[in-house]
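Before I ask anything, let me first share the structure, which is written out below as structure tokens.
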Amino acid sequence: MKDKNDQVVARLNKLERIREMGLNPYPHKFELCHDSAALLAEKDKLLESEESISFAGRIVRYNRKGKMCFMHLKDQHGRLQVVAAASLVSPEDYEVVKILDIGDWIGVRGSMFTTRKGEYSVKVLGLEMLSKAVRPLPIPKEKIDEQGNRVIFDEFKDVETRYRQRYLDLVLNDDVRDVFYKRSRIVQTIREYLLAQNYLEVETPTLQPVYGGANARPFSTHHNAADMTLYLRVANELYLKRCIVGGLDRVFEFTKNFRNEGMDRTHSPEFSSIEFYEAYADYNDMMVHFENIWEKACVAANGSTKIEYQSQEIDFKAPWPRLTVYEAIKKYADLEVESMNDDEIRAELDKRNVELEGEWMRGRAILELFEVTCEHHLIQPTFIIDFPKESTPLCKEHRENPDLVEQFEPYVNGWEVGNAYSELNDPLRQRELLEEQLERGRGGEDETHPMDENFLHAIECGMPPTGGVGIGIDRMIMLLTNQQTIRDVQLFPLMKPEHSETSAAE
RNA sequence: GGGCCAGUAGCUCAGUGGUAGAGCAACGCCCUUUUAAGGCGUGGGUCGAAGGUUCAAGUCCUUCCUGGCUCACCA
């Protein structure tokens, strides 16, 4: 084993002693009748009846006072004290008690009682080693000082160590664990909402011969047997639309998407999203689903439609206000962008030091203007709707204004948290727009959509009117759990290998 | 990619050119109602890596590695 130190050696010696006692330090199973939550829920009854119970967990506190030992066992719901007294267990069991370490997993049998200091505890009558830990667990301790402040000693907080050894982060930091419990509840809420709306959950390819569905640079990889280049999906949009063509009228999919771009507080190379598509619906219908989902998810995680994100109160109560891109620019920059000519728009961008790459396009310039002047104002949930037609090649023209498309992007806390359209289902128009993307790619833009003949073929076979939505799950979790970086809502965020790991792999 | 900052014992940290330290954790002994339990004692270090300056480097210089914040890029 690597990195042996004195503490590891001490534990390995204890492991050997357990084996010498004829015990298996890594048994196959333990029958437990209660977890910590159940023991707490049935407290009165269990104290009254003194019936026998079994309970298991990881030792997170160990305080031996001679022939009596107080420990806290932690399971997934919380921690509970167990008290082992030499007078109540077999001599063999107490020999085991004496060489237990913080970090070990044990199972105990006994009954519930209350200590003299009033702590609800398990009175141990028998115990079993379930797994001997051979590395020490860092032990944060806390006390309340004279001023009543909570003081934490040895807090496990180094960010790099926390991410690299997330298992310890989860054991030692309850608030970290809570984020992932909430994450699960939020995802479950979304799934239940869509299932209740008669949606079908489907799965589409992660490895794709042609990537598409978003403006993004992909990761590429190689399939050896087929000798072909494959891309990790940047979005699942084009496959879900094929499902709609196939007559699956309402489909959704949770996916990991992969984008080969920068990493920062709100961007990770792999991130989770949900997309859902509904036949016969338009973007107005999808906005209703969207705000419903967020409101329900917020309540599921926080018990209320209101949250405080970094001391900013945000209320997800539906319905959310809707503002067109033009209205937003008018409101926040006081510019009547619709009646301005190209030179006037260019002047406004220059004033804000924004440069456009590639060929000049009025719609993209308006979009840039929106981003620099409006985004940071959009703190409370708001739907920004009716985007310039150049912003996406997959959306249907606006029914009243041919310069626009029926797209909405919801904003919260200044972040774009989703993207949705009345989906384009005119196959000839779709081909034109994808061909235009190819041209734009040749003109210098580096995140244009590639041509996807198979997708076009599907649309040519007839797609009904459809509304579609994509939601960035990670940013949603960040907001609803009050986390500042995307890495705090992903269990195992990407880290570069440590130096020693690299050399070991070679 | 640019700027700023950090890396010392298992954990949290001090050490500002002169013998590597503290608390907790570990090890040994004592202790039957503890709550950061306590008492006595002991051990534990490639100071992120490499090079340089110096009589002398954890400390100063250079390069590199890893990470954080931030700007740029990017949904």
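This structure is a prediction, so every number in the text was calculated from the model and none was measured. Chain letters run A, B, ... following the sequence lines, proteins first and then strands; every chain starts at 1.
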A:Lys396: side chain to side chain donor-acceptor pair (under 3.5 Å) partners, not counting sequence neighbours: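 For A:Lys396, the residues satisfying side chain to side chain donor-acceptor pair (under 3.5 Å) (neighbours in sequence not counted) are A:Asn425.
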Take atom C1' in B:U12 and the same atom in B:A36, then report the distance between them in whole Å. 13 Å
Give me the distance, rounded to whole Å, that separates B:G18 from B:G10 when you measure between the P atoms they each carry. 25 Å
Are there over 12 heavy-atom neighbours, none belonging to A:Glu308, within less than 6.0 Å of that residue's CD? yes
From B:G67, B:G68, B:C74, nucleotide with atom closest to A:Glu261 side chain: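 It is B:C74.
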Taking the same atom, C1', in B:G51 and in B:C65, what whole-Å distance lies between them?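 B:G51 and B:C65 have their C1' atoms separated by 15 Å.
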Do we see a donor-acceptor contact under 3.5 Å between the side chains of A:Glu119 and A:His72? yes
With rounding to the closest Å, how many angstrom separate the P atoms on B:C55 and B:A50? 23 Å
Nucleotide N/O of nucleotides 31-35 of chain B paired with protein N/O under 3.5 Å:
{"residue": "B:C31", "atom": "N3", "partner": "A:Gly66", "partner atom": "N", "Å": "3.2"}
{"residue": "B:U32", "atom": "OP2", "partner": "A:Lys67", "partner atom": "N", "Å": "3.0"}
{"residue": "B:U32", "atom": "N3", "partner": "A:Ser87", "partner atom": "OG", "Å": "3.3"}
{"residue": "B:U32", "atom": "O4", "partner": "A:Ser87", "partner atom": "OG", "Å": "3.2"}
{"residue": "B:U33", "atom": "O2", "partner": "A:Arg116", "partner atom": "N", "Å": "2.8"}
{"residue": "B:U34", "atom": "OP2", "partner": "A:Lys117", "partner atom": "NZ", "Å": "2.3"}
{"residue": "B:U34", "atom": "O5'", "partner": "A:Lys117", "partner atom": "NZ", "Å": "3.3"}
{"residue": "B:U34", "atom": "O2'", "partner": "A:Asn63", "partner atom": "ND2", "Å": "2.3"}
{"residue": "B:U34", "atom": "O2", "partner": "A:Arg61", "partner atom": "NH2", "Å": "2.7"}
{"residue": "B:U34", "atom": "N3", "partner": "A:Gln81", "partner atom": "OE1", "Å": "2.9"}
{"residue": "B:U34", "atom": "N3", "partner": "A:Gln81", "partner atom": "NE2", "Å": "3.3"}
{"residue": "B:U34", "atom": "O4", "partner": "A:Gln81", "partner atom": "NE2", "Å": "2.5"}
{"residue": "B:U34", "atom": "O4", "partner": "A:Thr115", "partner atom": "OG1", "Å": "3.0"}
{"residue": "B:U35", "atom": "O4'", "partner": "A:Arg61", "partner atom": "NH2", "Å": "3.1"}
{"residue": "B:U35", "atom": "O2", "partner": "A:Glu119", "partner atom": "OE1", "Å": "3.1"}
{"residue": "B:U35", "atom": "N3", "partner": "A:Glu119", "partner atom": "OE1", "Å": "2.4"}
{"residue": "B:U35", "atom": "O4", "partner": "A:Glu119", "partner atom": "OE1", "Å": "3.4"}

Cation-pi check, A:Lys132 onto A:Tyr26 ring (under 6.0 Å, within 45° of axis): no
Tell me which one of A:Trp320, A:Phe370, A:Phe383 satisfies ring pair (Phe, Tyr, Trp, His ring centres under 6.0 Å) with A:Tyr411. A:Phe370
Quick one: A:Arg352 CZ to B:A72 P, roughly how many Å, whole number? 16 Å
Could you tell me how far B:G48 sits from B:U70 if I compare only their C1' atoms? Round to whole Å. 23 Å
Rounded to whole Å, how long is the line connecting atom CZ of A:Arg11 with atom P of B:A25? 12 Å
Spacing of the C1' atoms in B:A14 and B:C47 (rounded, Å): 13 Å
Give the B/S/- string for nucleotides 10-15 of chain B, one per nucleotide from 5' to 3', where a protein heavy atom under 4.0 Å of the base yields B, of only the sugar-phosphate yields S, and otherwise -. BBSS--
Considering only atom P, compute the distance from B:C24 to B:A57 and round it to an integer number of Å. 33 Å
With rounding to the closest Å, how many angstrom separate the C1' atoms on B:G15 and B:U59? 9 Å
Take A:Arg109 and A:Glu128, measure what salt bridge (Lys or Arg N to Asp or Glu O under 4.0 Å) needs, and give me the verdict at the end. CA-CA 9 Å; A:Arg109 280 175 282 274; A:Glu128 201 172 319; 3.4 Å; yes
